[in-house]
There are 2 protein chains.
Amino acid sequence: MTAITWQSVQAEALRRIRSREWPPGGQIPHEADLAEELGCARATVNRALRDLAEAGLLERRRKAGTRVPLNPVRKATLDIPIIRQDVEGRGQAYGYRLILRDTTLPPPEIRSLLKLKPKQTLIHILALHLAEAMPFCLEDRWVNPDAVPEFADADLSAISANEWLVQNAAFSAGDFAFGASAATAEAATHLNCPSGAPLFTVERTTWAAALPITAVCLSYAPGYKMRAEI
Amino acid sequence: MTAITWQSVQAEALRRIRSREWPPGGQIPHEADLAEELGCARATVNRALRDLAEAGLLERRRKAGTRVPLNPVRKATLDIPIIRQDVEGRGQAYGYRLILRDTTLPPPEIRSLLKLKPKQTLIHILALHLAEAMPFCLEDRWVNPDAVPEFADADLSAISANEWLVQNAAFSAGDFAFGASAATAEAATHLNCPSGAPLFTVERTTWAAALPITAVCLSYAPGYKMRAEI
DNA sequence: GAGTGGTCTAGACCACGGG
DNA sequence: CCGTGGTCTAGACCACTCG
(Lines give C-alpha, C1' and ligand atoms only; values in the text may rest on other atoms or scores of the structure.)
Protein backbone atom coordinates (compact mmCIF):
# COMPACT_ATOMS: atom_id res chain seq x y z
CA MET A 1 0.00 0.00 0.00
CA THR A 2 1.21 3.46 -0.88
CA ALA A 3 0.77 6.11 1.79
CA ILE A 4 3.12 8.29 -0.23
CA THR A 5 1.59 11.32 -1.87
CA TRP A 6 3.27 14.24 -3.56
CA GLN A 7 2.19 16.34 -0.59
CA SER A 8 4.06 14.07 1.81
CA VAL A 9 7.13 14.23 -0.39
CA GLN A 10 6.79 18.01 -0.46
CA ALA A 11 6.44 18.17 3.30
CA GLU A 12 9.57 16.07 3.73
CA ALA A 13 11.48 18.30 1.31
CA LEU A 14 10.27 21.39 3.15
CA ARG A 15 11.39 19.88 6.42
CA ARG A 16 14.86 19.27 5.05
CA ILE A 17 15.04 22.79 3.71
CA ARG A 18 13.93 24.38 6.96
CA SER A 19 16.16 22.17 9.08
CA ARG A 20 19.06 23.05 6.78
CA GLU A 21 19.63 19.39 6.16
CA TRP A 22 19.62 20.81 2.64
CA PRO A 23 21.59 23.98 3.25
CA PRO A 24 20.97 27.26 1.41
CA GLY A 25 23.06 27.39 -1.71
CA GLY A 26 23.49 23.64 -1.75
CA GLN A 27 22.44 21.05 -4.26
CA ILE A 28 19.82 18.53 -3.29
CA PRO A 29 19.70 14.92 -4.54
CA HIS A 30 18.44 14.15 -8.02
CA GLU A 31 14.84 13.28 -8.56
CA ALA A 32 15.70 9.68 -9.30
CA ASP A 33 17.67 9.30 -6.06
CA LEU A 34 14.93 10.90 -4.00
CA ALA A 35 12.32 8.72 -5.62
CA GLU A 36 14.27 5.62 -4.70
CA GLU A 37 15.00 6.83 -1.18
CA LEU A 38 11.40 7.75 -0.49
CA GLY A 39 10.02 4.73 -2.29
CA CYS A 40 7.89 6.42 -4.91
CA ALA A 41 7.91 7.19 -8.61
CA ARG A 42 10.02 9.99 -10.01
CA ALA A 43 6.89 11.76 -11.24
CA THR A 44 5.73 12.09 -7.65
CA VAL A 45 9.01 13.68 -6.59
CA ASN A 46 8.84 15.91 -9.65
CA ARG A 47 5.40 17.18 -8.75
CA ALA A 48 6.46 17.95 -5.19
CA LEU A 49 9.67 19.77 -6.10
CA ARG A 50 8.12 21.62 -9.02
CA ASP A 51 5.54 23.14 -6.69
CA LEU A 52 8.24 24.22 -4.27
CA ALA A 53 10.18 25.79 -7.11
CA GLU A 54 7.09 27.72 -8.20
CA ALA A 55 6.81 29.12 -4.69
CA GLY A 56 10.41 30.26 -4.87
CA LEU A 57 11.70 27.76 -2.31
CA LEU A 58 13.86 25.84 -4.76
CA GLU A 59 15.71 26.63 -7.95
CA ARG A 60 15.70 23.98 -10.63
CA ARG A 61 17.73 23.90 -13.80
CA ARG A 62 18.30 21.11 -16.21
CA LYS A 63 21.67 19.53 -15.94
CA ALA A 64 22.56 21.85 -13.04
CA GLY A 65 20.11 20.10 -10.77
CA THR A 66 18.04 21.48 -7.92
CA ARG A 67 19.38 23.80 -5.24
CA VAL A 68 18.14 25.78 -2.25
CA PRO A 69 18.40 29.49 -3.15
CA LEU A 70 20.50 31.76 -0.95
CA ASN A 71 18.10 34.66 -1.29
CA PRO A 72 14.75 33.09 -2.03
CA VAL A 73 12.29 35.31 -3.89
CA ARG A 74 9.09 34.16 -2.32
CA LYS A 75 5.88 34.20 -4.31
CA ALA A 76 2.69 35.36 -2.69
CA THR A 77 -0.68 34.86 -4.35
CA LEU A 78 -3.24 37.61 -4.36
CA ASP A 79 -6.93 37.04 -4.92
CA ILE A 80 -8.46 39.62 -7.22
CA PRO A 81 -12.24 39.35 -6.77
CA ILE A 82 -14.79 41.76 -8.09
CA ILE A 83 -15.36 44.55 -5.60
CA ARG A 84 -18.85 43.41 -4.70
CA GLN A 85 -17.49 40.04 -3.65
CA ASP A 86 -14.69 41.71 -1.73
CA VAL A 87 -17.24 43.64 0.31
CA GLU A 88 -19.64 40.75 0.74
CA GLY A 89 -16.77 38.49 1.72
CA ARG A 90 -16.26 40.79 4.70
CA GLY A 91 -19.83 40.20 5.72
CA GLN A 92 -20.91 43.68 4.75
CA ALA A 93 -23.76 44.90 2.58
CA TYR A 94 -22.64 46.05 -0.84
CA GLY A 95 -23.79 49.23 -2.49
CA TYR A 96 -22.86 51.02 -5.67
CA ARG A 97 -23.37 54.43 -7.19
CA LEU A 98 -22.53 55.60 -10.69
CA ILE A 99 -21.16 59.12 -10.58
CA LEU A 100 -20.18 59.84 -14.16
CA ARG A 101 -20.31 58.20 -17.54
CA ASP A 102 -18.93 59.99 -20.54
CA THR A 103 -17.26 59.42 -23.89
CA THR A 104 -14.28 61.65 -24.33
CA LEU A 105 -10.63 61.93 -25.18
CA PRO A 106 -8.50 60.45 -22.39
CA PRO A 107 -5.71 62.43 -20.76
CA PRO A 108 -2.23 61.82 -22.17
CA GLU A 109 -1.11 59.47 -19.40
CA ILE A 110 -4.03 57.13 -20.04
CA ARG A 111 -3.47 57.34 -23.79
CA SER A 112 0.16 56.34 -23.48
CA LEU A 113 -0.62 53.69 -20.87
CA LEU A 114 -3.00 52.01 -23.28
CA LYS A 115 -0.87 52.84 -26.32
CA LEU A 116 -3.75 54.53 -28.10
CA LYS A 117 -3.72 56.65 -31.22
CA PRO A 118 -4.03 60.41 -30.59
CA LYS A 119 -7.71 60.84 -31.43
CA GLN A 120 -9.10 57.64 -29.94
CA THR A 121 -12.00 58.40 -27.59
CA LEU A 122 -12.79 56.25 -24.57
CA ILE A 123 -15.68 55.76 -22.22
CA HIS A 124 -14.93 57.36 -18.89
CA ILE A 125 -16.57 55.97 -15.76
CA LEU A 126 -16.50 57.27 -12.22
CA ALA A 127 -18.28 55.13 -9.65
CA LEU A 128 -18.37 54.63 -5.91
CA HIS A 129 -18.55 51.25 -4.22
CA LEU A 130 -20.11 51.16 -0.77
CA ALA A 131 -19.90 48.82 2.20
CA GLU A 132 -22.69 49.16 4.72
CA ALA A 133 -23.59 52.43 2.97
CA MET A 134 -20.13 53.80 3.75
CA PRO A 135 -17.71 54.70 0.95
CA PHE A 136 -15.46 51.74 0.24
CA CYS A 137 -13.71 52.31 -3.05
CA LEU A 138 -13.70 54.90 -5.81
CA GLU A 139 -13.42 53.49 -9.32
CA ASP A 140 -12.01 55.76 -12.02
CA ARG A 141 -12.06 53.82 -15.26
CA TRP A 142 -11.44 54.25 -18.97
CA VAL A 143 -12.86 51.68 -21.37
CA ASN A 144 -11.94 51.17 -25.01
CA PRO A 145 -15.24 50.74 -26.92
CA ASP A 146 -13.38 49.18 -29.84
CA ALA A 147 -12.35 46.28 -27.63
CA VAL A 148 -15.77 45.70 -26.03
CA PRO A 149 -18.49 47.25 -28.25
CA GLU A 150 -21.28 45.80 -26.10
CA PHE A 151 -20.07 47.89 -23.18
CA ALA A 152 -21.71 50.96 -24.68
CA ASP A 153 -25.10 49.34 -24.06
CA ALA A 154 -24.39 48.16 -20.53
CA ASP A 155 -26.69 49.54 -17.85
CA LEU A 156 -24.05 50.83 -15.48
CA SER A 157 -26.59 51.95 -12.92
CA ALA A 158 -27.51 48.32 -12.31
CA ILE A 159 -24.11 46.68 -12.56
CA SER A 160 -20.70 48.19 -11.96
CA ALA A 161 -18.25 48.49 -14.81
CA ASN A 162 -15.95 46.36 -12.69
CA GLU A 163 -18.44 43.53 -12.58
CA TRP A 164 -19.62 43.92 -16.17
CA LEU A 165 -16.11 43.66 -17.49
CA VAL A 166 -15.25 40.66 -15.34
CA GLN A 167 -18.30 38.86 -16.68
CA ASN A 168 -17.95 39.95 -20.29
CA ALA A 169 -14.29 40.53 -20.94
CA ALA A 170 -12.67 38.41 -18.30
CA PHE A 171 -10.02 35.81 -18.81
CA SER A 172 -7.74 38.40 -20.34
CA ALA A 173 -4.24 39.51 -19.45
CA GLY A 174 -3.20 42.60 -17.56
CA ASP A 175 -0.94 44.13 -14.99
CA PHE A 176 -1.33 45.73 -11.61
CA ALA A 177 0.45 48.45 -9.70
CA PHE A 178 -0.25 48.96 -6.02
CA GLY A 179 0.66 52.18 -4.30
CA ALA A 180 -0.45 55.05 -2.11
CA SER A 181 -1.61 58.53 -3.05
CA ALA A 182 -3.11 61.54 -1.39
CA ALA A 183 -6.86 61.99 -1.76
CA THR A 184 -7.71 64.69 -4.28
CA ALA A 185 -10.44 67.10 -3.34
CA GLU A 186 -12.89 65.21 -5.51
CA ALA A 187 -11.88 61.80 -4.19
CA ALA A 188 -12.11 63.13 -0.63
CA THR A 189 -15.67 64.25 -1.28
CA HIS A 190 -16.76 60.89 -2.61
CA LEU A 191 -14.87 58.83 -0.05
CA ASN A 192 -15.92 61.09 2.79
CA CYS A 193 -12.39 61.60 4.06
CA PRO A 194 -10.08 64.59 4.48
CA SER A 195 -8.48 65.97 1.37
CA GLY A 196 -4.93 64.66 1.24
CA ALA A 197 -5.71 61.52 3.23
CA PRO A 198 -3.49 58.55 2.31
CA LEU A 199 -5.37 56.18 0.02
CA PHE A 200 -4.38 52.71 -1.03
CA THR A 201 -4.59 52.57 -4.81
CA VAL A 202 -4.69 49.82 -7.40
CA GLU A 203 -3.95 50.73 -10.99
CA ARG A 204 -4.78 48.10 -13.52
CA THR A 205 -4.65 47.77 -17.27
CA THR A 206 -6.30 44.94 -19.15
CA TRP A 207 -5.57 43.65 -22.63
CA ALA A 208 -7.12 41.28 -25.12
CA ALA A 209 -4.00 40.22 -26.94
CA ALA A 210 -2.63 43.53 -28.28
CA LEU A 211 -5.93 45.39 -27.95
CA PRO A 212 -6.29 47.54 -24.84
CA ILE A 213 -9.57 46.97 -23.01
CA THR A 214 -9.51 49.15 -19.96
CA ALA A 215 -7.39 51.14 -17.53
CA VAL A 216 -8.70 51.68 -14.04
CA CYS A 217 -7.58 53.30 -10.84
CA LEU A 218 -9.22 52.09 -7.65
CA SER A 219 -8.81 54.32 -4.59
CA TYR A 220 -9.78 52.62 -1.37
CA ALA A 221 -11.15 54.44 1.64
CA PRO A 222 -8.63 55.04 4.43
CA GLY A 223 -7.94 51.95 6.50
CA TYR A 224 -8.34 49.45 3.70
CA LYS A 225 -5.81 46.63 3.67
CA MET A 226 -5.19 44.07 0.99
CA ARG A 227 -4.11 40.71 2.37
CA ALA A 228 -2.06 37.81 1.12
CA GLU A 229 -0.53 34.69 2.57
CA ILE A 230 2.64 32.86 1.85
CA MET B 1 5.25 11.95 -32.87
CA THR B 2 3.56 13.93 -30.17
CA ALA B 3 3.30 17.64 -30.82
CA ILE B 4 0.80 17.80 -27.97
CA THR B 5 2.01 19.33 -24.75
CA TRP B 6 0.06 20.35 -21.69
CA GLN B 7 0.76 23.94 -22.69
CA SER B 8 -0.93 23.44 -26.05
CA VAL B 9 -3.91 21.83 -24.35
CA GLN B 10 -4.04 24.75 -21.95
CA ALA B 11 -3.87 27.25 -24.79
CA GLU B 12 -6.72 25.51 -26.56
CA ALA B 13 -8.79 25.51 -23.37
CA LEU B 14 -8.06 29.19 -22.84
CA ARG B 15 -9.13 29.92 -26.40
CA ARG B 16 -12.43 28.16 -25.86
CA ILE B 17 -12.99 30.05 -22.61
CA ARG B 18 -12.22 33.43 -24.14
CA SER B 19 -14.25 32.76 -27.27
CA ARG B 20 -17.14 31.65 -25.05
CA GLU B 21 -17.23 28.36 -26.85
CA TRP B 22 -17.22 27.28 -23.22
CA PRO B 23 -19.61 29.87 -21.81
CA PRO B 24 -19.34 31.34 -18.31
CA GLY B 25 -21.28 29.24 -15.86
CA GLY B 26 -21.22 26.26 -18.17
CA GLN B 27 -19.76 22.84 -17.77
CA ILE B 28 -16.90 21.79 -19.98
CA PRO B 29 -16.28 18.24 -21.22
CA HIS B 30 -14.79 15.66 -18.89
CA GLU B 31 -11.06 15.09 -18.86
CA ALA B 32 -11.45 11.73 -20.55
CA ASP B 33 -13.50 13.19 -23.40
CA LEU B 34 -11.07 16.04 -23.92
CA ALA B 35 -8.14 13.68 -23.89
CA GLU B 36 -9.74 11.59 -26.60
CA GLU B 37 -10.76 14.62 -28.64
CA LEU B 38 -7.33 16.20 -28.47
CA GLY B 39 -5.52 12.92 -28.85
CA CYS B 40 -3.50 12.87 -25.67
CA ALA B 41 -3.46 11.17 -22.29
CA ARG B 42 -5.82 12.22 -19.56
CA ALA B 43 -2.89 13.22 -17.36
CA THR B 44 -1.94 15.84 -19.92
CA VAL B 45 -5.42 17.34 -19.90
CA ASN B 46 -5.41 17.19 -16.12
CA ARG B 47 -2.19 19.17 -15.89
CA ALA B 48 -3.50 21.83 -18.27
CA LEU B 49 -6.85 22.29 -16.56
CA ARG B 50 -5.43 22.10 -13.05
CA ASP B 51 -3.16 25.04 -13.84
CA LEU B 52 -6.08 27.04 -15.19
CA ALA B 53 -8.07 26.26 -12.07
CA GLU B 54 -5.20 27.48 -9.88
CA ALA B 55 -5.25 30.76 -11.76
CA GLY B 56 -8.97 31.08 -11.08
CA LEU B 57 -10.04 30.59 -14.68
CA LEU B 58 -11.83 27.31 -14.05
CA GLU B 59 -13.62 25.70 -11.13
CA ARG B 60 -13.15 22.00 -10.66
CA ARG B 61 -15.02 19.74 -8.29
CA ARG B 62 -15.14 16.00 -8.13
CA LYS B 63 -18.29 14.53 -9.50
CA ALA B 64 -19.58 18.02 -10.38
CA GLY B 65 -17.03 18.37 -13.13
CA THR B 66 -15.29 21.45 -14.44
CA ARG B 67 -17.03 24.74 -15.16
CA VAL B 68 -16.18 28.27 -16.23
CA PRO B 69 -16.85 30.56 -13.25
CA LEU B 70 -19.32 33.42 -13.65
CA ASN B 71 -17.28 35.75 -11.46
CA PRO B 72 -13.73 34.49 -11.73
CA VAL B 73 -11.50 35.35 -8.79
CA ARG B 74 -8.24 35.86 -10.59
CA LYS B 75 -4.99 35.06 -8.88
CA ALA B 76 -2.04 37.36 -9.26
CA THR B 77 1.42 36.36 -8.15
CA LEU B 78 3.63 38.79 -6.28
CA ASP B 79 7.38 38.45 -6.05
CA ILE B 80 8.68 39.17 -2.57
CA PRO B 81 12.42 39.73 -2.91
CA ILE B 82 14.71 41.08 -0.25
CA ILE B 83 14.79 44.86 -0.40
CA ARG B 84 18.35 44.99 -1.65
CA GLN B 85 17.39 42.91 -4.65
CA ASP B 86 14.31 45.03 -5.21
CA VAL B 87 16.51 48.12 -5.46
CA GLU B 88 19.24 46.50 -7.50
CA GLY B 89 16.65 45.02 -9.83
CA ARG B 90 15.70 48.59 -10.70
CA GLY B 91 19.28 49.22 -11.71
CA GLN B 92 19.94 51.42 -8.70
CA ALA B 93 22.71 51.35 -6.13
CA TYR B 94 21.60 49.94 -2.80
CA GLY B 95 22.42 51.49 0.53
CA TYR B 96 21.41 50.73 4.07
CA ARG B 97 21.54 52.44 7.43
CA LEU B 98 20.72 51.03 10.84
CA ILE B 99 18.90 53.64 12.89
CA LEU B 100 17.99 51.80 16.08
CA ARG B 101 18.49 48.43 17.68
CA ASP B 102 17.03 47.74 21.08
CA THR B 103 15.62 45.00 23.23
CA THR B 104 12.38 46.03 24.83
CA LEU B 105 8.75 45.25 25.50
CA PRO B 106 6.71 45.61 22.32
CA PRO B 107 3.61 47.78 22.16
CA PRO B 108 0.30 45.98 22.71
CA GLU B 109 -0.62 45.79 19.03
CA ILE B 110 2.60 43.95 18.20
CA ARG B 111 2.19 41.69 21.21
CA SER B 112 -1.28 40.66 20.17
CA LEU B 113 -0.29 40.38 16.51
CA LEU B 114 2.40 37.85 17.43
CA LYS B 115 0.32 36.32 20.22
CA LEU B 116 3.03 36.85 22.80
CA LYS B 117 2.87 36.51 26.54
CA PRO B 118 2.66 39.82 28.43
CA LYS B 119 6.29 40.09 29.53
CA GLN B 120 8.03 38.76 26.42
CA THR B 121 10.69 41.20 25.22
CA LEU B 122 11.60 41.54 21.56
CA ILE B 123 14.43 43.03 19.57
CA HIS B 124 13.32 46.26 17.95
CA ILE B 125 14.99 47.36 14.73
CA LEU B 126 14.60 50.58 12.79
CA ALA B 127 16.51 50.80 9.55
CA LEU B 128 16.50 52.76 6.34
CA HIS B 129 17.03 51.27 2.90
CA LEU B 130 18.44 53.57 0.24
CA ALA B 131 18.39 53.62 -3.54
CA GLU B 132 21.02 55.83 -5.13
CA ALA B 133 21.57 57.34 -1.70
CA MET B 134 17.92 58.44 -1.59
CA PRO B 135 15.52 57.06 1.02
CA PHE B 136 13.71 54.05 -0.39
CA CYS B 137 12.05 52.20 2.45
CA LEU B 138 11.84 52.44 6.21
CA GLU B 139 11.90 49.12 8.05
CA ASP B 140 10.33 48.97 11.49
CA ARG B 141 10.78 45.46 12.78
CA TRP B 142 10.27 43.37 15.91
CA VAL B 143 12.11 40.07 16.20
CA ASN B 144 11.44 37.28 18.67
CA PRO B 145 14.84 36.18 20.03
CA ASP B 146 13.35 32.90 21.23
CA ALA B 147 12.60 31.96 17.63
CA VAL B 148 15.99 32.94 16.20
CA PRO B 149 18.57 33.08 19.01
CA GLU B 150 21.43 33.68 16.56
CA PHE B 151 19.84 36.96 15.56
CA ALA B 152 21.13 38.58 18.74
CA ASP B 153 24.68 38.17 17.40
CA ALA B 154 23.97 39.39 13.87
CA ASP B 155 25.94 42.43 12.77
CA LEU B 156 23.06 44.55 11.61
CA SER B 157 25.31 47.35 10.45
CA ALA B 158 26.65 45.07 7.74
CA ILE B 159 23.51 43.22 6.74
CA SER B 160 19.91 44.34 7.08
CA ALA B 161 17.57 42.46 9.36
CA ASN B 162 15.47 41.87 6.27
CA GLU B 163 18.30 40.07 4.53
CA TRP B 164 19.58 38.28 7.60
CA LEU B 165 16.19 36.80 8.31
CA VAL B 166 15.63 35.74 4.72
CA GLN B 167 18.93 33.91 4.78
CA ASN B 168 18.63 32.44 8.25
CA ALA B 169 14.96 32.02 8.95
CA ALA B 170 13.49 31.84 5.51
CA PHE B 171 11.23 29.20 4.12
CA SER B 172 8.71 29.92 6.84
CA ALA B 173 5.06 30.88 6.66
CA GLY B 174 3.53 34.29 7.10
CA ASP B 175 0.98 36.79 5.96
CA PHE B 176 1.01 40.19 4.37
CA ALA B 177 -1.18 43.26 4.52
CA PHE B 178 -0.72 46.06 2.03
CA GLY B 179 -2.10 49.49 2.68
CA ALA B 180 -1.48 53.21 2.84
CA SER B 181 -0.74 55.42 5.81
CA ALA B 182 0.30 58.98 6.49
CA ALA B 183 3.96 59.55 7.23
CA THR B 184 4.58 60.14 10.92
CA ALA B 185 6.94 62.94 11.84
CA GLU B 186 9.71 60.43 12.44
CA ALA B 187 9.08 58.52 9.22
CA ALA B 188 8.98 61.80 7.31
CA THR B 189 12.39 62.72 8.69
CA HIS B 190 13.96 59.44 7.64
CA LEU B 191 12.24 59.23 4.28
CA ASN B 192 12.84 62.90 3.55
CA CYS B 193 9.24 63.64 2.73
CA PRO B 194 6.55 65.89 4.17
CA SER B 195 4.93 64.79 7.38
CA GLY B 196 1.58 63.26 6.50
CA ALA B 197 2.66 62.19 3.03
CA PRO B 198 0.88 59.07 1.76
CA LEU B 199 3.14 56.03 2.13
CA PHE B 200 2.66 52.58 0.70
CA THR B 201 3.07 50.13 3.56
CA VAL B 202 3.63 46.40 3.83
CA GLU B 203 2.93 44.75 7.15
CA ARG B 204 4.22 41.25 7.49
CA THR B 205 4.30 38.62 10.19
CA THR B 206 6.38 35.47 9.94
CA TRP B 207 5.98 32.22 11.81
CA ALA B 208 7.92 29.01 12.32
CA ALA B 209 5.07 26.64 12.94
CA ALA B 210 3.34 28.18 15.98
CA LEU B 211 6.37 30.24 17.04
CA PRO B 212 6.30 33.90 16.00
CA ILE B 213 9.54 35.01 14.37
CA THR B 214 9.04 38.59 13.37
CA ALA B 215 6.59 41.38 12.65
CA VAL B 216 7.66 44.16 10.33
CA CYS B 217 6.19 47.28 8.82
CA LEU B 218 7.84 48.56 5.66
CA SER B 219 7.01 52.14 4.68
CA TYR B 220 8.06 52.99 1.15
CA ALA B 221 9.05 56.46 0.03
CA PRO B 222 6.33 58.36 -1.87
CA GLY B 223 5.95 57.22 -5.45
CA TYR B 224 6.81 53.59 -4.85
CA LYS B 225 4.64 51.10 -6.72
CA MET B 226 4.47 47.37 -6.27
CA ARG B 227 3.78 45.53 -9.50
CA ALA B 228 2.16 42.25 -10.45
CA GLU B 229 0.97 40.57 -13.61
CA ILE B 230 -1.91 38.30 -14.32
C1' DG C 1 28.55 15.00 -25.01
C1' DA C 2 26.05 13.70 -21.28
C1' DG C 3 23.38 14.49 -17.13
C1' DT C 4 19.28 16.49 -15.22
C1' DG C 5 14.78 18.08 -15.08
C1' DG C 6 10.43 18.31 -18.21
C1' DT C 7 6.93 15.89 -20.05
C1' DC C 8 3.91 12.19 -22.18
C1' DT C 9 1.61 7.70 -21.85
C1' DA C 10 -1.45 3.93 -20.50
C1' DG C 11 -3.37 2.03 -16.90
C1' DA C 12 -4.93 1.82 -12.30
C1' DC C 13 -6.96 2.93 -7.84
C1' DC C 14 -8.84 6.27 -4.76
C1' DA C 15 -11.63 10.06 -2.45
C1' DC C 16 -14.85 13.33 -2.60
C1' DG C 17 -19.33 14.74 -3.05
C1' DG C 18 -23.61 15.36 -6.06
C1' DG C 19 -27.94 13.22 -6.89
C1' DC D 1 -24.27 4.98 -5.26
C1' DC D 2 -21.20 6.07 -8.67
C1' DG D 3 -19.21 9.67 -11.75
C1' DT D 4 -15.52 12.90 -11.80
C1' DG D 5 -11.31 14.75 -10.74
C1' DG D 6 -6.89 13.57 -7.95
C1' DT D 7 -3.07 10.96 -7.87
C1' DC D 8 0.49 7.14 -8.38
C1' DT D 9 3.30 4.13 -11.31
C1' DA D 10 6.75 2.47 -14.58
C1' DG D 11 8.75 3.43 -18.50
C1' DA D 12 10.10 6.25 -22.18
C1' DC D 13 11.76 10.14 -24.86
C1' DC D 14 12.99 14.85 -25.07
C1' DA D 15 15.17 19.53 -24.32
C1' DC D 16 18.05 22.26 -22.15
C1' DT D 17 22.43 23.46 -20.50
C1' DC D 18 26.68 22.72 -18.12
C1' DG D 19 31.20 21.23 -18.52
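Proteins come first, then strands; the chains are lettered A, B, ... in the order of their sequence lines, and each starts at number 1. The structure displayed is predicted, hence computed values, not measured ones.
Nearest-nucleotide positions on DNA chain D for B:His30 and A:Thr44 put B:His30 closer to the 5' end.
For A:Trp207, the side chain to side chain donor-acceptor pair (under 3.5 Å) partners are A:Thr205, not counting sequence neighbours.
OP1 or OP2 of C:dG18 sits under 4.0 Å from a side-chain N or O of B:Arg61. Within the 4.0 Å cut-off from OP1 or OP2 of D:dG5, at least one side-chain nitrogen or oxygen of B:Thr66 is found. Within the structure, every side-chain polar atom (N or O) of A:Arg50 is placed at least 4.0 Å from both OP1 and OP2 of C:dG6. Distances shorter than 4.0 Å separate some side-chain N or O of B:Asn46 from OP1 or OP2 on D:dG6.
Between the C1' atom of D:dT7 and the CG atom of B:Asp51 lies a distance of 15 Å, rounded to the nearest Å. If you measure from atom CZ of A:Arg67 to atom P of C:dG5, you get 12 Å, rounded to the nearest angstrom. With rounding to whole Å, A:Glu54 atom CD is found 14 Å from C:dG5 atom C1'. A:Glu31 places its CD atom 15 Å from the C1' atom of D:dA10, with the value rounded to the nearest Å. Spacing between atom CG of B:Leu34 and atom P of D:dG6 amounts to 13 Å, rounded to whole angstrom units. When rounded to the nearest whole Å, the span between CZ of A:Arg60 and P of D:dT17 equals 14 Å. One interatomic measurement links the two molecules: CG of B:Leu38 to C1' of C:dT9, which rounds to 15 Å at whole-angstrom precision. Rounded to an integer number of Å, the gap from CZ of B:Arg62 to C1' of C:dC13 is 12 Å.
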Discussion item. I'd like to know whether B:Glu139 forms a salt bridge (charged side-chain N to carboxylate O under 4.0 Å, His left out) with B:Arg97, so could you lay out the CA-CA distance, the side-chain angles of the two residues, the decisive distance to 0.1 Å, and finally the verdict.
Written reply: CA-CA 10 Å; B:Glu139 175 181 358; B:Arg97 220 170 64 221; over 6 Å; no
Practice prompt. Please test B:Tyr94 against B:Phe136 for ring-ring contact (aromatic ring centres under 6.0 Å, His included), starting from the C-alpha separation and ending with a verdict.
Written response: CA-CA 9 Å; B:Tyr94 174 74; B:Phe136 180 78; 8.3 Å; no
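When heavy atoms are screened at a 4.0 angstrom cut-off, A:Ala64 is found touching the sugar-phosphate backbone but no base atom. Contact annotation for A:Arg42: base contact, defined as any heavy-atom pair under 4.0 Å involving a base atom. A:Gln7 comes within 4.0 angstrom of sugar-phosphate atoms only, judged by non-hydrogen atoms across all strands, and of no base.
More than 12 non-hydrogen atoms from other residues, nucleotides or ligands lie less than 6.0 angstrom from NZ of B:Lys75. Remark: B:Glu36 CD is loosely packed, at most 12 non-hydrogen atoms of other residues, nucleotides or ligands lying under 6.0 Å away.
Taking only side-chain atoms of A:Arg47, from C-beta outward, the nucleotide of C:dG3, C:dG5, D:dT7 with the closest atom is D:dT7. Of the candidate nucleotides C:dA10, D:dC8, C:dG6, C:dA10 has the atom lying nearest to any side-chain atom of B:Ala41.
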